Amino acid sequence: MLFDRPATTNPIDQMKVVGQHITRIDGPKKVTGTATYAYEWNHANLNVAYGYPVGAGIAKGRISSMDIQAARNAPGVLAVVTAETAGKLSKGKMNAAKLLGGPEISHYHQAIAVVVAETFEQARAAASLIKVDYVRAPGSYDLEAAKDTAKKPEGSEGEDADTSAGNFDKAFAEAAVKFDQTYTTPDQSHAMMEPHSSLAMWDGDEVTVWTSNQMIAWNKSEMAITLGIDPEKVHIMSPFVGGGFGSKLFLRSDAVLAALGAKAAGRPVKLALPRPFVMNNTTHRPATIQRIRIGTTQEGKITAIAHESWNGNLPGGSLETAVAQTRLLYAGENRMTSMRLAALDLPEGNAMRAPGEAPGLMALEIAMDELAEQLNLDPVELRIINDTQVDPEKPERKFSHRQLVECLRRGAETFGWDKRNAETGRVKDGRWMVGMGVAAAFRNNMNMKSGARVRLDSEGVVTVETDMTDIGTGSYTIIAQTAAEMMGVTIDKVAVELGDSRFPASSGSGGQWGGNSSTAGVYAACVALRDAISQKVGFNSADVTFADGQIRSGNRSIALAEAAGKDGVVAEDTIEYGDLAEEMQQSTFGAHFVEVGVDMYTAEIRVRRMLSVCAAGRILNPITARSQVIGAMTMGVGGAFMEELAVDKRRGFFVNHDLAGYEVPVHADIPHQDVIFLDETDPTTSPMKAKGVGELGLCGVAAALSNAVHNATGVRIRDYPVTLDKLLRDMPQVG
Amino acid sequence: MKQFTYERAASPAEAASKAANNQNAKFIAGGTNLLDLMKLEIESPTHLIDVNGLDLDKIEQSENGGVRIGALVRNTDLASDERIRRDYGVLSRALLAGASGQLRNKATTAGNLLQRTRCPYFYDTAQPCNKRKPGSGCSAIGGVTRQLGVIGVSDACIATHPGDMAIAMRALDATVETVKPDGATRAIPIADFHKLPGDTPEIETTLERGEVITAVTLPAPVGGKHVYRKVRDRASYAFALVSVAAIIQPDGTGRVAVGGVAPKPWRVEEAEADLPQGSKAVMAKVFAGAKPTEENSFKVTLAERTLAGILEETKG
C-alpha cells in the first residue's frame with residue numbers, strides 16, 4: 001500500500017479498540033517469566049555452550065602478542081576464537097569499528113577474543129588467562145581539545161551539516177537584544193536493563209541467532225556481511241527485548257562472537273556482554289559542545305538564531321545532530337546551523353533515544369530560559385511569541401499539525417505556572433530552595449516502510465506476523481489493537497508474533513517511528529485480508545463491514561471463523577510512503593513543566609513534580625504511550641542530574657563502566673509524574689493518523705530541570721550533568 | 001570466578017586457625033562484596049571459610065553499660081534494634097543510608113567494616129592499581145577522581161573507604177574485638193582498625209592473617225542528637241560523595257566523623273572543640289593537610305556545608 005495522500009475516514013477511526021486503555025497483551029508473560037529473552041532460550045536438547053568475551057585493555061594501538069594456550073587448556077574450554085583464527089570477517093555498514101578486533105585496536109574493550117566453554121564460569125575463568133601484550137599508540141580522547149580540528153563530514157552527512165536562511169551575521173549584529181552562550185553535554189550510556197545477549201546455532205551453513213535487537217532486517221544483513229555469508233542463510237529471532245534505547249539498533253559483538261564461537265565449538269553458544277562492555281564495547285550517545293546565538297527585538301521576537309555543534313567519533317562514525325530541532329522549532333528570518341565532527345578514539349558514538357534532539361534541546365532550551373530572563377519575559381511567553389506554523393528555513397512548507405502553543409498553555413495552567421516566582425532563589429520550603437522550570441519538547445516524526453502478514457483461521461482468530469520488535473514499548477499490544485479494529489474482532493481474538501526474520505520486514509523499533517509505521521503496515525495487510533475474505537465469500541469488498549466477529553454486506557453476514565474455512569485466509573502487504581513528509585513538516589511537540597528542590601546546604605537536587613503535555617497525533621494506546629513518556633521523563637532526570645560517562649583523557653576509556661559508577665535515577669529520585677496527551681489526529685502521517693511518542697518525552701526534560709534549578713538557586717549551570725559540585729561554587733553562603 | 005574450595009567453620013578460633021594455614025583463604029559471611037569481586041577476578045581466593053554458622057549474631061548489653069554487636073549481626077537487624085535506634089541513632093541512620101534493603105538483609109557487621117573501595121580503577125583489571133596489584137602503579141591519580149579521597153591519601157593510592165556504618169562507629173568510639181589463630185583475643189579501637197595507604201595500599205586494616213572479627217562494642221550511650229547525613233548525586237543506592245556522622249549535645253559540643261573523603265572513617269578529635277564556633281572552624285581542622293584534586297576539591301566545601309546544615313538542624 002502506497003501512502004501518498006492524507007488519510008480519509010477508515011476503520012481505525014471507529015476507535016473501538018485503537019485508542020483504548022488496553023493493558024499489554026504480553027504483560028502476563030512478562031510478569032510470569034514466560035516471555036523468553038535472548039539469554040533465556042533453553043531447550044534440554046540444545047546442548048548449549050557458553051561464550052565469554054575478552055576486551056582490549058588499551059584504547060588505541062595494536063596487539064603485539066596474544067597467548068591463548070592457557071585458556072585453551074583450561075577446564076571445560078571448547079574453543080578460543082580471535083581475529084587470527086576466525087577466518088575472514090568483514091565490517092558491517094553500520095558499525096564504525098570491527099566487532100572482533102585485532103591486531104589493530106580501535107577502542108577500549110573492543111572484543112579481541114571469545115572463549116567458549118561448557119559452563120559460563122569456566123568460560124569466564126579461562127578468558128582471564130589470555131595474556132595480551134600491546135603496543136600503545138597515541139590517541140585523541142578529549143573533545144574540547146579536538147574541537148578545533150573538527151571537520152564537515154564527507155558525503156551526504158556533510159551536505160546536511162550546514163543550513164542557513166536570510167543573513168544571520170548581519171541580523172545578529174543589528175539585533176536589539178543579543179544572546180551568546182556555549183553549553184556541553186556529556187557522553188551517555190544507554191544503560192538498558194538487559195545487556196546485549198545472543199544464542200547462535202549453526203545448522204550446516206545456516207545460522208540462527210536468538211538475540212536482543214531492535215531492527216531485525218538490519219541485523220540479518222549486517223550479520224551476513226560480517227560473516228561473509230548469504231543473508232538467506234541468516235535467521236534472526238528477537239521476540240522480547242529488555243530495553244534498547246538505540247543501543248540495539250545494530251549488530252553488536254555479542255551476536256558475532258556467539259556465531260563465531262558456535263562455529264568453532266560445533267555447539268550452540270550463548271553469550272551476554274558483561275556490564276562494563278555495555279559502556280565501552282558498544283555504542284553511546286556522544287558528547288557535544290554547542291554554541292547558541294539568538295538576536296531578538298526588544299519585545300522578544302527572534303530575528304536571528306544560530307546553533308553550532310561539535311562532537312567526536314571514531315573514523316566512520318557519525319555526527320550527533322544536535323542542531324536538528326533549531327532548524328524547525330522557533331521562528332526567525334535569519335538563521336544558520338552547523339555541525340562539525342572531530343576524530344576521537346573513544347568507543348563509537350551513535351544513536352541513543354532521541355539522537356540529536358535530546359542533547360540539542362538540553363542546550364537550546366536553557367538558552368531560551370536565559371534569553372527570557374535577559375528580556376524580562378516569562379519563558380512560556382517567549383516560546384509562544386516565537387512559534388511558527390511553517391518550516392522557518394523553507395516557509396513554503398507548512399507543519400502538518402503543530403500544537404506547541406497549546407501544549408505550553410495547557411501545561412502552564414495545569415501545573416500552576418503562574419505561581420512561579422520569576423526572581424530566582426526566593427522560594428523556600430524548610431532547607432529546600434524551590435524552583436520551577438519549563439522547556440519545549442520537539443522531535444520529528446519519521447515513517448518507515450513496514451510489512452506484515454495476517455492470517456484468519458477457522459477459529460476466527462487473527463494472527464499477525466511481522467519482524468517488528470517490542471523493546472518494552474508496547475508493540476505487541478498496539479499491533480493487536482490495530483488488527484482487532486480492522487477485522488472487527490475483540491483483542492483476545494488476535495495473536496501477535498514478532499521479531500522473527502522469516503516474517504515480513506517491518507520498520508523495526510527506533511527513531512520513534514515504530515508505533516505508527518508498524519501498525520500502518522498491519523493496517524495495510526488487514527486491508528488486503530479484508531479484500532481476500534470478501535472475495536472468498538463472494539461479497540463486494542467496497543461495501544462490506546467487519547464487526548462483532550462477522551463480515552457483513554447489506555443484510556447478509558457471515559461469521560469470520562466460517563468465512564475462513566478450514567484452510568484459513570492469509571494476506572500480506574507493506575506500507576510505503578510517498579512525498580507527504582517532504583511536502584509538509586511532520587513533527588511531534590510537547591511541553592515539560594517541572595519543580596525541583598535544592599538543599600541550601602549541600603546543593604543536592606531532588607525533583608518534586610513533573611508534567612508533560614504532548615501533541616503527537618493519535619494516541620494508539622494511552623497506557624503504553626504514557627509509559628513511554630514517563631520512562632522518558634525519568635531518563636531526562638538522569639540526563640539532567642547524574643548521567644555522564646566519565647572519560648579518562650589519558651587512557652581513552654569510560655571509567656565508570658558499571659551501574660554503580662554510571663548512575664541512572666532510582667525510584668527515590670522520581671516523584672509524581674503527570675502526562676497529558678492533546679486530542680489530535682494527523683492524517684498526513686499514515687492511515688493510523690498517529691506519530692511517534694517514544695522519544696518526544698525525553699526531548700527538553702533535562703533543560704526544564706536545569707532551568708528549575710536556576711529558578712531555585714540563581715545558579716546557572718551550562719555543562720551537564722547539573723551536579724552539586726558545580727552548583728556549590730555559586731550557592732549562597734551558609735553557616 | 002576461579003575455582004575454589006569451601007568449608008564451614010565451627011568456632012571463631014577454628015576459623016582463624018584454618019585461615020592462618022592458607023594464604024589464599026578468605027572468610028565469607030554475607031558475601032555482598034566478596035562475591036562481586038570474585039566474579040570480576042579482583043579477588044581470587046582459592047579457599048573460602050564460611051563463618052555464617054558461628055554463634056556471633058546477637059546484640060547484647062555489655063557490662064560497662066554499652067552494647068556488644070556480634071560480628072554476624074545483619075545490617076538490617078542492627079539498624080532496627082531498639083537499643084541502637086534509641087541510644088545510637090547515628091549508627092542506625094548510617095546503616096539505613098547504605099546499599100539497598102536486599103543487601104542490608106545479607107550484609108554483616110564485620111563484613112561491612114571490611115568492604116573494599118569502590119575506586120573505578122580498582123574495579124578495572126586492565127588498569128594498574130597498587131591496591132589490587134601491589135607495585136603496578138595508581139591509575140586513578142591524574143585520572144577521573146571526583147569520587148576519590150582528599151585526605152589521608154598517598155602517592156600510591158587515593159581510594160576511599162566506601163562505607164557508612166564505620167563512619168558512625170568512629171563517631172561512637174567503637175571497638176573491634178577479634179580472635180587470632182593462636183586463640184588470643186584483642187580489642188582494637190576503631191580509630192586504629194583501618195590503615196592509611198602509605199606505600200602499602202593493599203593492607204587496609206590492622207588485622208593479622210587469620211584474625212577473625214567477633215564483635216564490635218559500643219561504649220555507654222553519650223546522649224545528644226544523632227545525625228547521619230549522606231550526600232550523593234541520587235537519592236538512594238549510591239556511595240557517598242561526603243557523609244557526616246555527628247552527635248551534638250545541647251551545649252553545642254559534640255563529635256563529628258566524615259565519610260567519603262579518606263581511606264578510613266575520618267575524625268579529628270581536636271577539631272571538635274571548635275564546634276561552638278561553627279562548621280568552618282571545625283572542618284578547617286578536620287581537613288588540615290588535605291590534598292584534593294581539581295575534580296574532588298568540592299568535597300571539602302561540601303563537608304563544611306553539610307555540617308553547617310546539621311548544626312542548624314540540631315540547634316537548641
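Just so it is clear, the structure is predicted and the values come from calculations on it, not from any experiment. Naming: A, B, ... by sequence-line order, numbering from 1 per chain.
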### Query
So do the side chains of B:Q127 and A:F653 get within less than 4.5 Å of each other, counting heavy atoms only?
yes
### Query
Do B:V258 and B:V242 touch side chain to side chain, with heavy atoms closer than 4.5 Å?
yes
### Query
Is there a donor in the side chain of B:E204 and an acceptor in the side chain of B:T117, or the other way round, less than 3.5 Å apart?
no
Given that the side chain runs from C-beta out, which part of [X] has a heavy atom under 4.5 Å from chain A: side chain, backbone, both or neither?
X: B:T125; result: neither
X: B:L241; result: side chain
X: B:L311; result: neither
X: B:S279; result: neither
X: B:R229; result: side chain

### Task
Give a yes or no on whether a salt bridge exists between B:R146 and B:E295, defined as a side-chain N under 4.0 angstrom from a carboxylate O.
no
#### Entry: B:E304 and B:K280 ion-paired at < 4.0 Å
yes
Highest number of heavy-atom pairs under 4.5 Å with chain B: which of [options]?
options: A:G55, A:P274, A:S128; value: A:S128
options: A:R650, A:M642, A:K649; value: A:R650
options: A:I58, A:V655, A:D658, A:D599; value: A:V655

### Query
Passes salt bridge (Lys or Arg N to Asp or Glu O under 4.0 Å), A:R431 versus B:E313? Steps please.
CA-CA 9 Å; A:R431 60 191 291 154; B:E313 183 187 326; 3.3 Å; yes
